[in-house]
Structure formats: C-alpha cells, structure tokens
2 protein chains.
Amino acid sequence: MSNEQSENRGDWPEQLAVRVARCYYELGMRQQEIAALLGIGRARVIRLLAEARENGIVTIHINSPLLENVELAEQLTERFNLLSAEVCLSHTADEIQLAEQIAISANQYVVRLIKNGMTIGLGWGVTLKELVRRMDRVNTTGVSVVSLLGSLTQRSSIDRFEASTALASKLGAECFYLPAPIVCDSQSSRELLVDQHLFKQIYNRALAADLAVVSIGGLNSATIRQAGLVDEDEYSSANQAGAVGNFLGLYIDKNADVIDHPINQRIVSVSGDDFLRIPRRVMVSAGESKVEAIFAVLQKGLLTDVVTDQATAQALLKLKK
Amino acid sequence: MSNEQSENRGDWPEQLAVRVARCYYELGMRQQEIAALLGIGRARVIRLLAEARENGIVTIHINSPLLENVELAEQLTERFNLLSAEVCLSHTADEIQLAEQIAISANQYVVRLIKNGMTIGLGWGVTLKELVRRMDRVNTTGVSVVSLLGSLTQRSSIDRFEASTALASKLGAECFYLPAPIVCDSQSSRELLVDQHLFKQIYNRALAADLAVVSIGGLNSATIRQAGLVDEDEYSSANQAGAVGNFLGLYIDKNADVIDHPINQRIVSVSGDDFLRIPRRVMVSAGESKVEAIFAVLQKGLLTDVVTDQATAQALLKLKK
DNA sequence: CAAGGTGCCAGACATTTGTTTCATTGACGC
DNA sequence: GCGTCAATGAAACAAATGTCTGGCACCTTG
C-alpha cells in the first residue's frame, strides 16, 4: 500500500496539516487514530488542526443565511443605498473577537466578488488582517492587490495589521505597496514622497482598482495607537477637533469629512474623490465604538457594500432616524 | 419590504439549525451556552449540528491539496487523456463510507464546474446521492438538471439513489425527468415509451447537457440489486455474459461495450454516442469492486473527468500497464 | 562543547462533546 | 375524551478533545 513516497515534496508542515485535516474532516477519523497512522503525538494533531483552521487551510461555511440577518442586510442596503450588505451574528462586545467573527462572514462575501483579472485595493487593520488570514485560497489569474495606504514600517505592526501581502498570497496575485510610510514625519516630507515617480505609478494602479476592501478605525480603538504611529497628544487633539474615527488613515468627523488637523496632512492614502473612483467599495467593520464613524461614512455614500454584525447593523439603522 | 417580521419567517427547523451552526462554528460558542441562549436542550443542539452537516447547511472545505494525490490525479489525467482528475484520501474499503468520502471531494470539484445557464445531466446511485446531499447550496440562474436515466419507481429506491431532485434544489434549478422507468417490463414497452413525444423532448434536453455527472455500478455492488430492479437470475446471467459493471444503467463488459443481454434491451438511459455528445463528462466513483469497470470506461474514452480515491487511482494506473 | 532554546512525545488531567435512558409534552387520530 | 407516537429536555454516563507538565532530542550560538 502506501509505499514510502520519495520524500522532499513541498513544505512539510503544511502538507502534514493538510493530511491531518483530511483524515479528520473528510475521513472522520479520531485524533488518536490519526496520530497513530502518521506516527506523531496526539497533541500535535490538535495543534495542526488548529493551525489549519487558523490559516484557512480548513474553512467552514454555513450556506444558509439567517433570516433575521438577511432582513437587516436588506434594510441597510436600502437605507444607505448600497449594492448589497451582509450581517453576521455577534455575541461579544470584545472588538478583537468581533473582528474574527466578521472576518468569517466577510470571507465568503469578498471571495464571491473576486474575479480574474481584477485589481483589489486593500485597507488596513486587525479586521482585514483577520479576514485575509482565514480566507479561502482561491486560484485566480491576473489578479493584483494594491495597498490603499502607505506602508507600515514596524515589523510588529506589519504582523498585526498589514493585510495586502497575505491576501496576494491567498490569491496567487501580485502585490503592490505605496512606497511611503502611512504616516510621514511632516507634511513636507509627505509631499516629497508623494511626488516620486514610482509613487505616482503605484498610486494610479490603486486608483484603477476594481474592488476596494476597507475597514474603519474607531477612535478609541486600540488599533491606531497600537501601531504606534500617532502619539497620545495627537490622538487627543484630533479627538477634540471632532474626530469620530479613522477611515483610510484619515481622521474624520461626524459628517465623514476629513478634519482639519495636522496629523491628516501627514497621512499617505488613497482617499476622498480618488477613492470614489473605485467602483466597488466594501467595508468590513463592526463594533460599538465604530458605529458613529461607520454611520458617517455610509451616510456620505463612500461605500457600496457593508459587512457588519447584528448589533452594529441595528445601531446604524436606529441612528438613521 | 419587511412584511412578516413577527413570526412565520421560513421553516423553523432549518432556521434553528442555521442559528445553532453559526453560534457554534462562527462565534465559537460552547454547546451548553448555545442551548441556554436559545432555550433548548443541549442534546438538541447536538442533533441540530449533526443535521446541519448532513444537509450541507454546514460544509467544511480543505483548500490545500495533498501533494501525493495531486500527482496521482496528474497521472490519471495523462494516462487516460482526461481534462482533469481529482484523487481523495481513502481509509476504508467499505463502499458506503467510501462513497461519502469521495462525495466530499467531488462536491468542490463539481461546484467549480457549474456555471449559470448550464444544463447538467445526472446519473444515479448512492455515490451521487451522497454527493448531492452534502453539496454546497449555490445560487445559480438558468441552470437545469436532467436525469440521464429513466426514473425509479419505488419510494425507497428514490430516497436512496435519486439525485436529480436534490441537486436541483441545491442549485435552485429546474429539474427534468425522463418519463419512463429506468427498467421497463419488456423491450417492447421500452420502445413504446421511448417513442412518446414528451420523452423525446426531455431526452433531447438531456443530450444538450453541458455537463454530465455520473457514477459507475460495480457488479456485485449492492446498489443495483438493492434497487430491486434486476432479479437474481438476470444478475447472474449478465454476470456470465461477461459484465464487469453497470454504466448509465447498462451492463458493460471489460471493453466497456454494452453486453448482449436481454436486460440491456429494457433500460432507459442516455448512453452510447448520445452520451458522448455531452462535452464534459465527470465520473465520481471508487472502490475495489469497480476498478475493472472504471478502467474499461476510461480506456474507451467515455469520460473527461474522474473523481476517485487513492486506492482506486493506484489500481487504475497499475492496470494500464 | 556547553548553555539556552525549540519542538516534540508521553501521559495526566480538565473540559467539552456525544450517547443513552427516561419522563414529559403536545399533536394527531379515533 | 383518550391512547399513541414523535419530539424534546434532563440527567447520567462514555468518549473524545484540549491543555498542561516533564523529559528528551535536536538545533543554534557563543
């Protein structure tokens, strides 16, 4: 039977995980059996299974929608004049867990929108990172991914928030980064960087995106400050200047207008009218603290699609009145 | 819009299952919590989860292929001149379990082939039934499903083997049946039925299918006889006449030629050259007892795609030599 | 070559999940 | 009304899964 296959095909960790996953989910074997079959410890089987789910090697889909959420989605679509919306169940107020949960729903939603030959503009943040991490691997051709914001420069931030690279790898796509930090030292250095030929080239590529997937930063969300890009002083002064959240790197007020504050002069991102040139603009976001900002952005018509959770959807619909 | 909010939205059993599934798989809640939240017993939560997996409300995908199986698939593709093939892991020799396992792999394979506006011709048997039962629900438009064989007439057989109806419901598609039993009483009654206007109409529809999904019946497979369509005498005499299996209802010999036997005169199905007019012909089958028949059919070039398991794939490749 | 680290297995343990049994409920048919 | 039957929850139990510890082998690094 299974003769000792040669050896060195592909990277082992992943192949092992795949094998374990197939034995477990497709063949319905017990972890103990699998461990015995593959000659490894049961603990490892458990780790590999967890890892496989984390990585999106294994994905679980629920094909039937929950009626009440379909209704909420329809209401959102109508009230904010969207192309479509998706509402998922939520159970926790913890923003990190929430991000994971929305990510799962958004996965299917986004995967359906991806077509061959497409350029995808991508934002930033834990939610998107999570989304991309658990996303199905899809075989595409001619797809490219462009970051809509400048780059993060700290390794730790990149690991937590940078999603483009991971998305590109899931899709087997090319990936482009705006060659400038997301927050520049000063307005003048921003202008210098933005004026570079290479920068413009990539910026134009971003403008030509067919699909944008973005998130929104609530103001007191940890994300922005965790990234260490904005210090406390700036944060609180932006706050006082009427900021309700952060959209594509820029601090916005309750009308979704970019507030007049020095920090916004230093941000590198595709925003404003340029952003609107992307025909399909999907927001993936939820959470108590982001409702106001999400509402503002929706109200202003910046988006064509929304993926959020029950609680946020209900809050948004209430605000509308 | 939101008209019947209050109570009667959708059928409850399914909605409950969906809700439980989402809580469990997306939100990662414990069964105990879910039971408490929804005010039902934990036992029911378990039953609903099982049911959801059975029905394909919940589907689990493994997105990364197993390298050794990719190799086997490539070998199959090349040796039998196929468009593509898929090989899944197998762990059991039990044909029923095997059917379940292949069905899981075939699901993804077949779903990828389905396009809007397509007509799908479908065969018969436990494997296909299983395939369809666990298949993802896909939203399609303009798809129709046509049975490639005459109809089953006993309720119990229908429940076990008839796949077209279920497929159509998963796809939201139209479904057409050949208006004749799969096995007629006599050759003459077959001719009479086949000559009906309505029959020809649907037969032509079947001929115009873009995709056929079929299985193969091993000779001593329980399926054929379970259906109670062929009695023991006929079975053993067909056996003696050199039958190695059953393809689209017809008994075939080791060259995949339809054997000269009275039973074959009474079968209603789309076969022979007519079958070859369907451009994409996928076989989903595996099992020790079917190897010879599968080999014959492949050798004769009746198929363009195969989904099978490791053991069968290896056996097929050995035979080729 | 040794210190420190990592990854793994083995096995003990806690938790979760699955199964069985039994009593209750409520719908249905007569 | 009144039995019958299926569906369900409760509780007890069995099995599986997940977590943790210690120890060993193997690496890296100085």
Side-chain angles (χ1 to χ4, degrees), chain A residues 4 7-8 10-62 89 91-92 94 96-97 100-101 104 133-134 155-156 159, chain B residues 7-62 89 91-92 94 96-97 100-101 104 133-134 155-156 159:
Chain A
E4 258 337 296
E7 11 62 65
N8 197 19
D11 62 320
W12 254 130
E14 173 160 329
Q15 278 295 301
L16 226 207
V18 173
R19 175 176 289 265
V20 168
R22 297 203 112 99
C23 287
Y24 190 73
Y25 291 109
E26 293 184 348
L27 273 42
M29 292 168 68
R30 299 290 157 211
Q31 298 178 350
Q32 196 61 259
E33 300 179 85
I34 299 173
L37 179 70
L38 304 183
I40 61 180
R42 195 173 63 86
R44 189 128 101 104
V45 172
I46 292 170
R47 274 198 303 276
L48 286 165
L49 283 171
E51 186 195 309
R53 256 177 302 184
E54 288 290 294
N55 292 337
I57 292 177
V58 170
T59 54
I60 299 181
H61 289 222
I62 296 174
L89 218 45
H91 181 238
T92 173
D94 174 48
I96 297 292
Q97 275 186 43
E100 288 175 21
Q101 291 161 13
I104 294 170
R133 194 162 62 85
R134 331 185 67 124
R155 173 100 241 136
S156 62
D159 289 346
Chain B
E7 11 68 58
N8 197 20
R9 13 75 155 308
D11 59 322
W12 257 122
E14 173 159 331
Q15 277 295 301
L16 226 207
V18 173
R19 175 175 289 266
V20 168
R22 296 203 112 99
C23 288
Y24 191 73
Y25 291 110
E26 294 185 346
L27 272 44
M29 293 168 68
R30 300 287 154 213
Q31 299 177 350
Q32 197 62 260
E33 299 180 85
I34 300 173
L37 179 70
L38 303 183
I40 60 179
R42 197 173 62 87
R44 189 126 102 103
V45 171
I46 292 169
R47 276 196 299 274
L48 286 166
L49 282 171
E51 187 195 307
R53 258 176 304 185
E54 286 291 295
N55 294 336
I57 292 177
V58 170
T59 54
I60 299 182
H61 290 224
I62 297 174
L89 265 185
H91 181 238
T92 172
D94 174 49
I96 298 292
Q97 275 187 43
E100 286 175 23
Q101 291 163 12
I104 293 169
R133 193 163 62 85
R134 329 184 69 121
R155 174 97 240 139
S156 62
D159 289 346

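Just so we're clear, the structure is a prediction, and the values are computed from it rather than from any experiment. Lettering of chains follows the sequences in order, A, B, ..., and the numbering in each one begins at 1.
Here D:dG9 presents its P atom at 7 Å from CZ of B:Arg47, a figure rounded to the nearest Å. Rounded to whole Å, atom P of D:dG18 lies 5 Å from atom CD1 of A:Ile46. One can place CG of A:Leu49 at 15 Å from C1' of D:dT19, the figure rounded to the nearest angstrom. When rounded to the nearest whole Å, the span between CZ of B:Arg42 and P of D:dC13 equals 14 Å. Computed from coordinates, the A:Tyr25 OH to D:dA16 C1' distance equals 14 Å when rounded to whole Å. Rounded to whole Å, atom C1' of D:dG18 lies 16 Å from atom CD of A:Glu51.
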* Take A:Ile104 and A:Glu100 through the test side chain to side chain contact (heavy atoms under 4.5 Å, CB included) and record every step on the way to the result. => CA-CA 6 Å; A:Ile104 294 170; A:Glu100 288 175 21; 5.6 Å; no

* Is there a side chain to side chain contact (heavy atoms under 4.5 Å, CB included) between B:Leu16 and B:Arg44 once you walk through the steps? -> CA-CA 10 Å; B:Leu16 226 207; B:Arg44 189 126 102 103; 3.8 Å; yes

* Is there a side chain to side chain contact (heavy atoms under 4.5 Å, CB included) between A:Asn55 and A:Glu14 once you walk through the steps? -> CA-CA 10 Å; A:Asn55 292 337; A:Glu14 173 160 329; 5.8 Å; no

* To do: Evaluate the side chain to side chain contact (heavy atoms under 4.5 Å, CB included) criterion for residues A:Leu49 and A:Gln31: first the C-alpha distance (whole Å), next the side-chain angles of each, then the deciding distance (0.1 Å), finally the verdict.
  => CA-CA 10 Å; A:Leu49 283 171; A:Gln31 298 178 350; 3.7 Å; yes

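Across every non-hydrogen atom of A:Ile34 and A:Val20, the tightest pair is CD1-O, 4.0 Å. Annotation for B:Ala21 and B:Val58: closest pair CB-CG2, 3.5 Å, computed over non-hydrogen atoms. Here the shortest heavy-atom pairing between B:Gly41 and B:Ala35 reads C-CB, 3.9 Å.
Of the inter-residue distances, the one linking A:Ile60 atom CD1 with A:Arg53 atom CZ reads 6.0 Å to the nearest 0.5 angstrom. Expressed to the nearest 0.5 Å, how far CZ of B:Arg19 lies from CG of B:Leu27 amounts to 10.5 Å.
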Quick one: which protein N/O atoms are closer than 3.5 Å to N/O atoms of nucleotides 20-24 of chain D? Pair and distance per line, please.
none

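When DNA chain C is scanned 5' to 3' for any atom under 4.0 Å from a heavy atom of chain A, the first and last hits are C:dC8 to C:dC9.
Each end of the helix from C:dC1-D:dG30 to C:dC30-D:dG1 gets its own axis from five base pairs, and the two axes differ in direction by 40°, given to 10 degrees.
You'll find the side chain of A:Leu89 stays beyond 4.5 Å of the side chain of A:Gln101, heavy atoms only. For the pair B:Met29 and B:Leu37, the minimum side-chain heavy-atom distance is below 4.5 Å.
Within residues 28-36 of chain A, no residue has a heavy atom under 4.0 Å from DNA chain C.
Scanning for side-chain hydrogen bond (donor to acceptor under 3.5 Å, both in side chains) contacts around B:Arg134 gives B:Glu130, with sequence neighbours left out. Checked against salt bridge (Lys or Arg N to Asp or Glu O under 4.0 Å), B:Glu26 has the following partners two or more places apart in sequence or in another chain: B:Arg22.
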